[in-house]
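Some notes on the structure that comes next.
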Amino acid sequence: MGRLLIRNGRLLDPSQDLDARGDLLIEDGKIVGTGEGLSAESAEVLDAEGAWITPGFIDMHAHLREPGQEYKEDLTSGGTAAVAGGFTQVACMANTNPVNDDPSVTQFILDRAEKNSLAKIRPIAAATRGLEGKVMTEMLTLREAGAVAFSDDGATIMDTLVMRRVLDYSTLTDAPVIVHAEDCHLRGGGVINEGAVSTRLGLPGNPKAAEEVMIARDIRLAALTGAHLHIAHVSSGGSVELIRRARDSGLRVTAEVTPHHLTLTDEATLGFDTNTRVAPPLRTSDDVRILRAALAEGVIDAIATDHAPHATYEKEVEFTEAPPGMLGLETALAVSLELVREGLLSPLELIRRLSTNPAALLQLSGGSLVAGSDADVVLVDPELVWTYDPSQGFSKSRNSPWAGHEMTGRVLSTIVDGRLVYHHERGVLIR
Ligand SMILES: [Zn+2]
């Protein structure tokens with residue numbers, strides 16, 4: 001591998017609070033350094049005029065469907081969609097078939113990813129066998145096999161004693177437990193937020209309290225065990241207050257929010273588009289406002305996509321029958337940039353939440369442009385206007401409420417370990 005010089009961009013590196021014009025030099029897969037007027041001698045040159053140069057994004061929450069549901073996505077398509085969206089590392093949830101509750105499955109995912117994925121794949125192992133919430137997995141062995149966290153995402157471990165044990169054992173693995181906080185009894189058959197919109201549409205509602213009661217429980221258990229509790233896809237403003245109090249009292253409680261919960265409300269469901277059915281559901285404009293403020297303030301640490309591909313025929317059914325979830329990898333940046341345009345986050349702080357913070361939460365290398373780091377780098381044009389067409393995207397699935405929408409901001413190029421793996425055709429020249 002040779003030298004690559006990325007020239008004349010806006011360097012954004014949250015790990016060193018760097019926001020400055022300059023160049024980035026890469027050699028043999030590592031970052032050599034940043035600065036102005038770096039020598040291009042014997043280097044390939046990438047012109048980044050007008051673009052941001054940032055560390056590769058890290059998605060701590062995606063469903064890549066392999067093994068078992070490759071008709072929705074696999075590590076090849078998911079890895080390509082990831083780098084097209086600027087994600088150089090992706091943590092994938094355990095609800096595959098078979099479930100990633102055994103080191104052989106973790107190893108299988110890592111082997112397949114090594115061969116087939118352009119993005120680096122970081123498996124999240126199940127916390128309980130078969131995601132059934134009853135018997136703990138062999139967490140230490142799974143950790144040794146390469147699991148970066150533990151989660152039964154998709155369901156809550158309703159048995160509080162089992163949850164306590166999971167949190168207890170996680171402290172031995174030094175990896176977070178990621179919770180999908182939703183009381184399944186209180187949720188019942190709810191498919192959208194319980195409120196005026198669910199009443200109007202005549203759809204069963206899922207109250208915010210279903211999320212809040214489980215977050216409250218899990219925070220108590222985090223206090224009991226000292227574990228690192230990470231709360232996935234926070235959707236309710238009330239949850240933010242619980243998380244804030246837990247953090248203020250010094251607990252290891254962290255949280256993520258999705259681009260869709262930051263920008264859409266339950267009113268997006270008024271047309272019965274099944275692509276707006278997600279778990280947890282889209283909430284109200286008050287919740288969106290509180291989530292945005294919490295992300296800006298740092299009460300919520302990271303943006304995570306919850307990329308959840310489903311086949312078209314699975315979504316073309318009655319709203320109540322559609323599986324929850326939407327695509328996220330290829331739209332996360334453009335959707336999240338809305339917060340920058342509205343002045344809630346600076347560009348540097350947005351990149352911190354897409355890259356540097358998730359790296360820290362999962363204890364991954366990355367999220368930095370410091371000399372010596374792996375050369376996982378993204379070039380972003382924050383102004384580029386484009387129309388999102390999932391059929392032209394890299395995911396195998398098309399379930400996005402943003403299909404056909406005009407987006408502003410796009411990833412131009414993605415570099416993994418010094419190798420240019422994705423290059424948007426306009427805007428950047430390789431010489
Ligand atoms: Zn979930």
Side-chain angles (χ1 to χ4, degrees), residues 59-65 69 72-73 78 90-97 99-101 122-128 130-133 147-158 163 166 176-193 206-215 217-218 229-236 239-240 242-243 253-262 264 274-283 287 291 300-310 314-315 322-329 332 358 361-362 397 399-400:
D59 188 6
M60 54 190 305
H61 190 147
H63 299 272
L64 298 182
R65 308 301 190 201
Q69 293 186 311
K72 297 179 195 240
E73 198 78 286
V90 179
C92 55
M93 283 296 174
N95 62 338
T96 47
N97 184 13
V99 169
N100 182 14
D101 60 3
R122 311 300 186 194
I124 295 170
T128 69
L131 306 172
E132 288 174 350
V148 295
F150 298 92
S151 183
D152 278 7
D153 182 53
T156 290
I157 297 172
M158 290 301 297
M163 187 61 189
V166 164
V177 174
I178 302 176
V179 291
H180 174 122
E182 186 172 62
D183 184 312
C184 65
H185 305 297
L186 186 52
R187 178 197 61 210
V191 293
I192 65 168
N193 179 55
N206 175 350
K208 296 176 202 177
E211 173 173 301
E212 294 156 4
V213 294
M214 293 320 297
I215 291 178
R217 181 199 72 170
D218 289 347
L229 173 72
H230 179 79
I231 297 157
H233 43 50
V234 178
S235 72
S236 153
S239 302
V240 168
L242 295 166
I243 295 164
V253 174
T254 57
E256 71 191 32
V257 60
T258 68
H260 48 274
H261 288 111
L262 286 169
L264 300 177
T274 55
N275 293 321
T276 63
R277 180 169 181 203
V278 282
L282 301 171
R283 305 288 186 184
D287 297 295
L291 291 172
I300 296 176
D301 305 80
I303 297 173
T305 68
D306 197 5
H307 179 81
H310 292 294
E314 293 172 312
K315 281 286 197 179
M326 64 169 76
L327 301 182
L329 289 169
L361 294 176
L362 296 178
S397 293
N399 52 307
S400 169

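Order of listing sets the numbers, starting from 1, for every ligand and every atom in it.
Looking at heavy atoms from C-beta onward, V179 lies out of side-chain contact with T156 at the 4.5 angstrom threshold.
Salt-bridge annotation for E211 and R187: absent, with no side-chain N of the basic residue lying under 4.0 Å from a carboxylate O of the acidic one.
Remark: the H307 side chain and the D59 side chain contain no N/O donor-acceptor pair separated by less than 3.5 Å.
Taking the six-membered ring where tryptophan is involved, the planes of H233 and H180 are perpendicular, since the angle between them exceeds 60° and thus also 30°.
For H180, the N/O/S atom at the shortest distance from the Zn ion (ligand 1) is named ND1. The closest approach of D153 to the Zn ion (ligand 1), by N/O/S atoms, is made by OD1.
Using a cut-off of 2.8 Å, one finds that D306 contributes no N/O/S atom close to the Zn ion (ligand 1).
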